[in-house]
2 protein chains.
Amino acid sequence: MSDLLERLRGRGWRVTSQRRVVAEVLDGDHVHLTADEVHARAAHLLPEISRATVYNTLGEMVSLGEVMEVSTDGRAKRYDPNAHHPHQHLVCSNCGTIRDVHPTGSPLADLPQDQRFGFTVSAAEVTYRGLCPSCA
Amino acid sequence: MSDLLERLRGRGWRVTSQRRVVAEVLDGDHVHLTADEVHARAAHLLPEISRATVYNTLGEMVSLGEVMEVSTDGRAKRYDPNAHHPHQHLVCSNCGTIRDVHPTGSPLADLPQDQRFGFTVSAAEVTYRGLCPSCA
DNA sequence: TTCTTGACCTGGACTCCGTCCATCGTAGGA
DNA sequence: TCCTACGATGGACGGAGTCCAGGTCAAGAA
């Protein structure tokens, strides 16, 4: 399983059963889970895992660039294991499901110099909103 | 002050001192305030105003399309009174300040049909991230 | 102007998401 | 095998937002 764990081990991570399980959950399915959903699925494999551990592990994966944090609404953040392939998100305004999408063009290039107000702009996130087939 | 109040009155809103004050706060400054910041400024004008009322009023203004909700990080939502002029946001990754920007091009057009997965896509929000002049 | 009434406001309890911390356990090098 | 620093635990805590029962008041009617 999981080059993810290999990469983490390579970065000096201690490989514990908890971290293995979290990596496995993220690896398993390419949906965008909330921390609590990750915890629930992880607890299915390792009943004693705590919420704090899941939060810590997710946070560490994010700061290592292995996982991407997505917060499309004001509610719980979601975690996207597809961090190595740049992409944007398409969100259903009704049920909240998220799909990775690959638009053409580069939004960064669309921000002219006189619209940058002295900022050093490093990234552009695009969130498309609409209704998914089952909610429409 | 405020065509905003006039428009709201036109939609059948009862104009109360609380709503007047919230409208005034949003009108006054074109920064992007959190609900608590709105509450603090409103309380300066009308000390007894409650948090719940501020939340209700902001929520109503949003659902009438008079104010726009912006949640750029996982933290508190911010409220943008500039809802009638389409624009995107430029956010400082360090201090969190937000500027309205007007990129060229239309991100919606950049999402080809085969990337829509049956969704009826209605909007695209772009968030540019970087460091503002004082944080750089 | 006064009356009436339903929309509105209040404040406090509550939920949800996330963080912190003291303590205990254990992965992995010696 | 032993040691120890890194990691896990779970319970308390904090911020943001929602809910609700009861009191208040804007604005139309008379």
Side-chain angles (χ1 to χ4, degrees), chain A residues 4-6 8-25 32-64 66-80 96 98, chain B residues 5-6 8-25 32-43 45-64 66-80 96 98:
Chain A
L4 176 49
L5 272 185
E6 286 316 311
L8 295 177
R9 193 194 303 270
R11 302 208 203 202
W13 263 39
R14 194 175 279 189
V15 176
T16 65
S17 52
Q18 291 84 350
R19 288 173 170 181
R20 201 191 323 275
V21 160
V22 169
E24 207 166 327
V25 165
H32 301 70
L33 303 172
T34 64
D36 266 350
E37 286 163 354
V38 172
H39 178 233
R41 297 193 182 200
H44 201 252
L45 302 171
L46 182 70
E48 302 323 318
I49 193 170
S50 78
R51 244 165 39 93
T53 298
V54 170
Y55 275 104
N56 287 339
T57 306
L58 288 172
E60 288 154 356
M61 286 176 174
V62 168
S63 69
L64 292 179
E66 295 289 344
V67 165
M68 182 172 288
E69 232 175 38
V70 190
S71 61
T72 55
D73 48 1
R75 318 203 48 80
K77 289 176 194 161
R78 293 176 174 274
Y79 292 87
D80 184 344
I98 302 180
Chain B
L5 272 185
E6 285 317 310
L8 294 177
R9 193 195 302 271
R11 302 208 202 201
W13 262 39
R14 192 175 279 191
V15 175
T16 66
S17 52
Q18 291 84 351
R19 287 171 172 182
R20 200 192 323 274
V21 160
V22 170
E24 207 166 328
V25 166
H32 301 71
L33 302 172
T34 64
D36 266 348
E37 285 163 354
V38 172
H39 178 233
R41 298 194 181 200
L45 302 171
L46 182 69
E48 301 324 316
I49 194 171
S50 76
R51 246 163 39 92
T53 299
V54 171
Y55 275 104
N56 288 339
T57 306
L58 289 172
E60 288 154 358
M61 286 176 175
V62 168
S63 70
L64 292 179
E66 295 289 345
V67 165
M68 183 172 287
E69 232 175 39
V70 190
S71 60
T72 54
D73 48 2
R75 322 208 42 86
K77 290 176 193 160
R78 293 175 174 276
Y79 293 87
D80 185 344
I98 302 179

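Below, read A as the first sequence line, B as the second, and so on, with proteins coming before strands; counting in each chain starts at 1.
- Straight-line distance from the CZ atom of R9(A) to the C1' atom of dG29(C): 14 Å, rounded to whole Å.
- Contact check, Y55(A) against dT19(C): no side-chain N or O comes under 4.0 Å of OP1 or OP2.
- Protein atom CZ of R75(B) is 11 Å distant from nucleotide atom C1' of dC17(C), rounded to whole Å.
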What verdict does the side chain to side chain contact (heavy atoms under 4.5 Å, CB included) test give for L33(B) and Y79(B), after you've listed the backbone C-alpha separation in whole Å, the side-chain angles of each residue and the deciding distance to 0.1 Å?
CA-CA 6 Å; L33(B) 302 172; Y79(B) 293 87; 5.8 Å; no
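- Closest to the T16(B) side chain, of the nucleotides dT10(C), dG11(D), dC8(C), is dC8(C).
- Of all heavy-atom pairs between E37(B) and R78(B), the closest is OE1-NH1, 3.6 Å.
- For the pair K77(B) and G12(A), nearest-nucleotide mapping onto DNA chain D gives the more 5' position to G12(A).
- Listed nucleotides dT26(C), dC17(C), dT9(D) differ in distance to D36(A); the shortest reach to its side chain belongs to dC17(C).
- Interatomic distance, CZ of R20(A) versus CG of L45(A), reported as 12.0 Å (0.5 Å rounding).
- Residue R19(B) is in sugar-phosphate contact alone, with no base atom involved, counting any heavy-atom pair closer than 4.0 Å across all strands shown.
- With hydrogens and angles ignored, no donor-acceptor pair closer than 3.5 Å exists between the side chain of R14(B) and the base of dC8(C).
- Counting non-hydrogen atoms under 4.0 angstrom, T53(A) reaches a base of the nucleic acid.
- The side chain of Q18(A) has dT9(D) as its nearest neighbour among dA27(D), dG11(C), dT9(D).
- For the side chain to side chain contact (heavy atoms under 4.5 Å, CB included) criterion with I49(A), the lone passing option out of V22(A), V38(A), T57(A) is V22(A).
- Nearer the 5' end of DNA chain D, as judged by each residue's closest nucleotide, is the contact made by E60(A), out of E60(A) and A52(B).
- A donor-acceptor pair under 3.5 Å is formed between the side chain of R19(B) and the backbone N or O of R14(B).
- Taking atom CH2 of W13(B) as the reference point, atom C1' of dA27(D) lies 16 Å away to the nearest angstrom.
- With rounding to whole Å, L5(A) atom CG is found 14 Å from dA27(C) atom P.
- Atom CD1 in I49(A) sits about 13 Å away from atom C1' in dG10(D), given to the nearest Å.
- To the nearest angstrom, P of dC17(C) lies 12 Å from OH of Y79(A).
- Protein atom CG of L8(B) is 15 Å distant from nucleotide atom C1' of dA7(C), rounded to whole Å.
- Residue A76(A) is in sugar-phosphate contact alone, with no base atom involved, counting any heavy-atom pair closer than 4.0 Å across all strands shown.
- Put simply, the side chain of R51(A) and the base of dG18(C) share a donor and an acceptor less than 3.5 Å apart.
- We find that CG of L58(A) is positioned 12 Å from P of dA8(D), with the value rounded to whole Å.
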